[in-house]
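Input: a single structure, listed below in structure tokens.
Numbers here simply count residues along the sequence, with the first being 1. Hydrogens, waters and symmetry mates play no part in the numbers below; they use all other heavy atoms, side chains included.
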Amino acid sequence: MTSANRYLTSWESFWSTSTGTPGEIFWDADPAHAAQQDLALFQGHADPQLPLVDLGCGNGTQTRFLANHFARVIGTEISPAAVQIAQTKHAAPNASYRVLDVLSPDDAQALHEEIGDANLYMRGVLHQLSPADHETAIESIGRLLGTKGTLYLIELSSAAEPFFARLIQQHGLPPGLARVFQHQITPGLLSEKNLESLFPSDRFTLLGTGQSHIQTVHTLPTGEVVKIPAFFAIFRKLRAAQ
Ligand SMILES: C[S@@+](CC[C@H](N)C(=O)[O-])C[C@H]1O[C@@H](n2cnc3c(N)ncnc32)[C@H](O)[C@@H]1O
């Protein structure tokens, strides 16, 4: 099985068996605690007249919110089941959803030919890919950005692993996380320390980076909502690298 098929099999299984029960999708935070914090960081860098592609948009919760702030938003997903949920639950006049594997640069190129340069939003997607696949994903990202698009990504940071270890030791495995593992989804490794090698400065301009968190839907017995340590980064492609 190719690595791309591995992602399709596990994520399609994950999304096609989701029931919509609150709390089922571990990272499915209200946009007020997710895309809104992200938007405040990248809005000033991104041309709102360009379309925004939410790469690996899942069930479209964040995509729908972002559609309030960009002329056109397209949520893309490897999982047809996720696309269907997003189309049903998070429709908006200027939002559409489609299947696109971020590991298919030719498909990214075809989308670029259709919509032109695009801003990109990626929340919790790159770290799901095996490190061996990062370069291919970034090739797709580069093709979608073109010369004018801005990329915003937010991913778990190097502090996430010890954070999870402590969380599980103190409170047990959150059900939403157990469900991820049941579908053979095994997070790869990515950290803020990899940014320069993944997005080399001879191809990308780093516009901003810093610590952040990915809010989950899991509340601890203490009443505290679990927020996973994360980092954000904002990039544009260097013109000379086109
Ligand atoms: C942790 S979820 C985040 C979903 C969404 N970004 C959010 O914040 O709600 C990761 C998403 O990446 C998608 N995904 C995994 N591999 C992918 C690939 N190769 N191409 C496109 N999407 C992919 C999964 O189906 C899943 O919906």
I'd like to check [X] versus [Y] (side-chain heavy atoms, cut-off strictly below 4.5 Å). Are they in contact?
X	Y	answer
Ile115	Val53	yes
Leu238	Arg203	no
Glu155	Phe231	yes
Gln62	Cys57	no
Leu66	Tyr121	yes
Asp117	Asp47	no
Gln87	Ser96	no

*In Å, rounded to the nearest 0.5 Å, how long is the span from CZ of Phe204 to CD1 of Ile234?*
14.5 Å

Strictly distance-based, threshold 3.5 Å: is any side-chain N or O of [X] a donor or acceptor partner for the main-chain N or O of [Y]?
X	Y	answer
Lys237	Gly142	yes
Glu192	Gly210	no
Ser79	Ala82	yes
Asn194	Ser191	yes

*Report the relative orientation of the aromatic rings in His69 and Phe65; use parallel for angles under 30°, tilted for 30 to 60°, perpendicular for over 60°.*
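His69 and Phe65: tilted rings.
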
*Please determine which of Phe14, Tyr7, Trp11 meets the ring-ring contact (aromatic ring centres under 6.0 Å, His included) test together with His183.*
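Exactly one candidate clears the test, Phe14.
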
Heavy atoms of other groups near [X] [atom1], more than 12 under 6.0 Å:
X	atom1	result
Gln109	CD	yes
Gln170	CD	yes
Glu139	CD	yes

*Is the closest basic N to carboxylate O distance between Arg143 and Asp106 below 4.0 Å?*
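Salt bridge present between Arg143 and Asp106.
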
*Closest non-hydrogen atom pair between Pro229 and Phe163, with its separation*: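 The pair with the smallest heavy-atom distance is CD-CG, 3.5 Å.
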
*List, by chain and number, the other hydrophobic cluster members for Val217, where Ile, Leu, Val, Met, Phe, Trp and Tyr join if side-chain heavy atoms come within less than 4.5 Å, directly or indirectly.*
none

Pairs of donor and acceptor atoms involving the side chains of residues 24-33, under 3.5 Å and at least two apart or interchain, shall be tabulated with distances.
from, atom 1, to, atom 2, distance (Å)
Glu24, OE1, Thr19, N, 2.8
Glu24, OE1, Gly20, N, 3.0
Glu24, OE2, Thr19, N, 3.1
Glu24, OE2, Thr19, OG1, 3.0
Asp28, OD1, Thr61, OG1, 2.7
Asp28, OD2, Asn59, ND2, 3.0
Asp30, OD1, Ala32, N, 2.8

_Sole residue of Asn119, Thr150, Thr147 in side chain to side chain donor-acceptor pair (under 3.5 Å) with Arg236_ =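 Of Asn119, Thr150, Thr147, side chain to side chain donor-acceptor pair (under 3.5 Å) with Arg236 is met by Thr150 alone.
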
*asked:* Here's a test for you: under side chain to side chain contact (heavy atoms under 4.5 Å, CB included), which of Leu151, Thr136, Leu198 qualifies with Ile141?
replied: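 Of Leu151, Thr136, Leu198, side chain to side chain contact (heavy atoms under 4.5 Å, CB included) with Ile141 is met by Leu151 alone.
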
